[in-house]
Amino acid sequence: MKILVTGGLGFIGSHTVVELQNKGFEVVIVDNLSNASIDVLDGISNITGKKPILEILDLREKADVQSFFKKHTDIAGVVHFAASKAVGESVENPLLYYENNINALVYLLQELQQLEEVCFIFSSSCTVYGQAEIMPIRENAPIQKALSPYGNTKQIGEEIIQDVSKVSSIKAVLLRYFNPIGAHESAEIGELPLGVPQNLVPFITQTAIGLRKELSVFGNDYPTPDGTAIRDYIHVVDLAKAHVVALQRLLDKKNIEKVEVFNIGTGKGSSVLEVIKTFENVNNIQLPYKIVGRREGDITEAYANTDRAFNVLGWKPEFTLEEALLSAWKWEQKIKNQ
Ligand code: UD1
């Protein structure tokens, strides 16, 4: 069965391609290489023994999207990752985000709605909840006004899919990720941030390896036990597997609603200082860090209620924070030597 993975050379995309291939799916990747390296293809095939098909194209080019579906007429499912994801950049260049995350989605759905039956998995984010009032966060928690154009594109994306599913054969699962971290245990694939990492774990590993002088902890005056902000860090391989389970559910017609929403996290919140300490302990490294002011737009805490993912989807995470931080460090050391 042929599955299209857009953004399949990216961080979460590449790990999902591996898990899809492990389950016997044939994968076609569409990627424009804007934030990914073609070498990732080798990383994937070193793990699975199988090279996925790659079509280098930009989903913002409507004609190219149309040509893709003329060539690949037998796509059974789509996992859509291709999008821009840097919050700060989205504030500086909102139209880039609306074009890349919304236009591309629209063009893709325009082709998909012509097909007989389509299973669509969408990369959404816990950012849609903003600062939720109740922890852990359930899927029915109110959606709050987005704090950035990036966050807004995830909200709008969810709404577009809901609307289109009502008038087409498209059925979808919206996966709201919490904070994906780590790398494949083989260290063949992992996260490759462009420039200075904005996210915590890549900044930690780059500091540990000496690429950054020290880590800044953004705020220790949050109303949390140690004063630093709390997030739900999920191993990227667990997250990747959630996509395969969600896709299989749609392919097996087990979905109850046309569009279903699931939180994908561990259900456990960890503070920034806890992440630092855990990284230091499991990898036996001292991490230079200093406390600085809060980062604008950051929330105090977000961690998932994963009951629905477990009870309805039948998915649960297997890796611990320790294992995720071990794999992130192994990956950082591997890319240093490349
Ligand atoms: C961020 C985005 C979120 C997006 C996600 C994608 C914001 C406000 N949110 O989530 O919308 O879906 O990335 O991966 O940008 N931290 C430090 N020092 C650092 C980096 C981070 O202390 O150098 C802290 C942050 O303040 C935060 C925690 O670490 O409390 C996690 O930060 P990060 O990895 O950037 O993720 P989010 O901000 O949760």
Side-chain angles (χ1 to χ4, degrees), residues 7 10-13 15 35 81 83-92 97 101 122-132 135 137 143-155 157-158 174-182 190-208 211-236 239 263-266 269-279 287-304 321 324-325 328:
F11 175 41
I12 309 171
H15 289 83
N35 191 14
F81 293 105
S84 300
K85 60 169 186 180
V87 175
E89 183 187 46
S90 80
V91 175
E92 276 156 31
Y97 276 67
N101 297 5
F122 181 63
S123 276
S124 191
S125 167
C126 67
T127 193
V128 301
Y129 300 118
Q131 178 57 74
M135 291 296 136
I137 305 173
I143 302 295
Q144 304 216 35
K145 187 173 162 39
L147 291 169
S148 68
Y150 159 78
N152 207 19
T153 64
K154 291 297 170 189
Q155 295 188 3
E158 286 198 1
L174 316 178
L175 296 179
R176 292 181 181 154
Y177 316 151
F178 282 67
N179 291 54
I181 61 165
E191 194 167 3
L192 284 168
L194 267 188
V196 182
Q198 303 301 307
N199 295 117
L200 179 62
V201 171
F203 205 103
I204 288 179
T205 56
Q206 289 199 2
T207 306
L211 281 173
R212 314 278 157 214
K213 200 168 121 266
E214 66 184 345
L215 169 76
S216 294
V217 174
F218 298 138
N220 68 348
D221 58 349
Y222 284 101
T224 61
D226 65 20
T228 63
I230 290 175
R231 298 287 186 275
D232 183 338
Y233 296 91
I234 168 103
H235 196 302
V236 66
L239 175 57
N263 283 340
I264 304 296
T266 65
S270 305
S271 73
V272 176
L273 285 180
E274 278 169 345
V275 173
I276 293 172
K277 293 293 163 220
T278 308
F279 181 86
L287 204 67
Y289 71 87
K290 64 168 186 242
I291 310 283
V292 302
R294 292 183 183 194
R295 180 171 69 180
E296 205 190 317
D298 270 353
I299 54 170
T300 302
E301 59 176 351
Y303 53 97
L321 179 64
L325 293 172

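Throughout, residue positions are numbered sequentially from 1 according to the sequence presented. All ligand and atom numbering here is 1-based and tracks the order in the structure. Source: prediction; values computed, not measured.
Looking at Asn179 against ligand 1, only its side chain comes within 4.0 Å, counting heavy atoms. Contacts of Thr127 with ligand 1, taken as heavy-atom pairs under 4.0 Å, involve the side chain alone. Contacts between Tyr289 and ligand 1 below 4.0 angstrom, taking non-hydrogen atoms only, are absent altogether. In Ser148, neither the side chain nor the backbone holds a heavy atom less than 4.0 Å from any atom of ligand 1. Counting heavy atoms closer than 4.0 Å to ligand 1, residue Gln198 contributes backbone atoms (N, CA, C, O) but none from C-beta onward.
Of the listed residues (Tyr233, Phe218, Tyr177, Tyr222), the one carrying the non-hydrogen atom nearest atom 23 (O) of ligand 1 is Phe218. Of the candidates Ala146, Ser123, Ser216, Ser216 brings a heavy atom nearest to atom 18 (N) of ligand 1. Counting only non-hydrogen atoms, the option in Asn199, Val275, Leu147 that gets closest to atom 14 (O) of ligand 1 is Asn199. Compare Arg212, Gln206, Arg295, Arg231 by their heavy atoms: the one nearest to atom 32 (O) of ligand 1 is in Arg295.
Put simply, OG1 on Thr205 and CZ on Phe279 are 6.0 Å apart, with the number rounded to the nearest 0.5 Å. Distance CG/Leu325 to OG/Ser270: 8.5 Å, rounded to 0.5 Å. Remark: Ile291 CD1 to Leu273 CG distance equals 5.0 Å, nearest 0.5 Å. For the atom pair CG (Leu321) and OG1 (Thr266), the distance works out to 8.0 Å, reported to the nearest 0.5 Å. Taking CD1 of Ile299 as the reference point, atom CD1 of Ile230 lies at 11.0 Å (rounded to 0.5 Å). Going from atom CD1 of Ile234 over to atom OH of Tyr177 covers 11.0 Å, rounded to the nearest 0.5 Å.
Partners of Glu274 under the salt bridge (Lys or Arg N to Asp or Glu O under 4.0 Å) rule, at least two apart in sequence or in another chain, do not exist in this structure. Every residue meeting the ring pair (Phe, Tyr, Trp, His ring centres under 6.0 Å) condition with Phe81, not counting sequence neighbours, appears here in chain and number order: His243.
Note on ligand 1: Gly151 sits outside its first shell, no heavy atom being nearer than 4.0 Å. Distances shorter than 4.0 angstrom occur between a heavy atom of Tyr150 and an atom of ligand 1. The closest approach between any non-hydrogen atom of Phe11 and ligand 1 is not below 4.0 Å.
Considering Val272, Thr228, Val292 as possible partners of Phe218, the one that fulfils the side chain to side chain contact (heavy atoms under 4.5 Å, CB included) test is Val292.
Those atoms of ligand 1 with a heavy atom of Leu215 less than 4.0 angstrom away are 23 (O). Close approach to Val217 involves these atoms of ligand 1, each under 4.0 Å from a residue heavy atom: 22 (O). Close approach of ligand 1 to Ser125 (heavy-atom distance below 4.0 Å) involves ligand atoms 12 (O).
Of all protein heavy atoms, the one closest to atom 24 (C) of ligand 1 is Val272 CG2, 3.8 Å. Taking atom 8 (C) of ligand 1 as the reference point, the nearest protein heavy-atom neighbour is Asp298 OD1, 3.3 Å. Scanning the protein heavy atoms around atom 30 (O) of ligand 1, the nearest turns out to be Ala229 CB, 3.2 Å. Of all protein heavy atoms, the one closest to atom 7 (C) of ligand 1 is Val87 CG2, 3.6 Å.
Between Leu200 and ligand 1, an N or O atom pair is found at a separation short of 3.5 Å.
A donor-acceptor pair is defined here as one N or O able to donate and one able to accept, closer than 3.5 Å; no such pair exists between the side chain of Gln198 and the backbone of Val87. When atom types are taken as modelled, the side chain of Asn101 and the backbone of Ser84 share a donor-acceptor pair closer than 3.5 angstrom.
Across all their heavy atoms, Phe203 and Leu215 have their closest contact at CD2-CD1, 3.5 Å.
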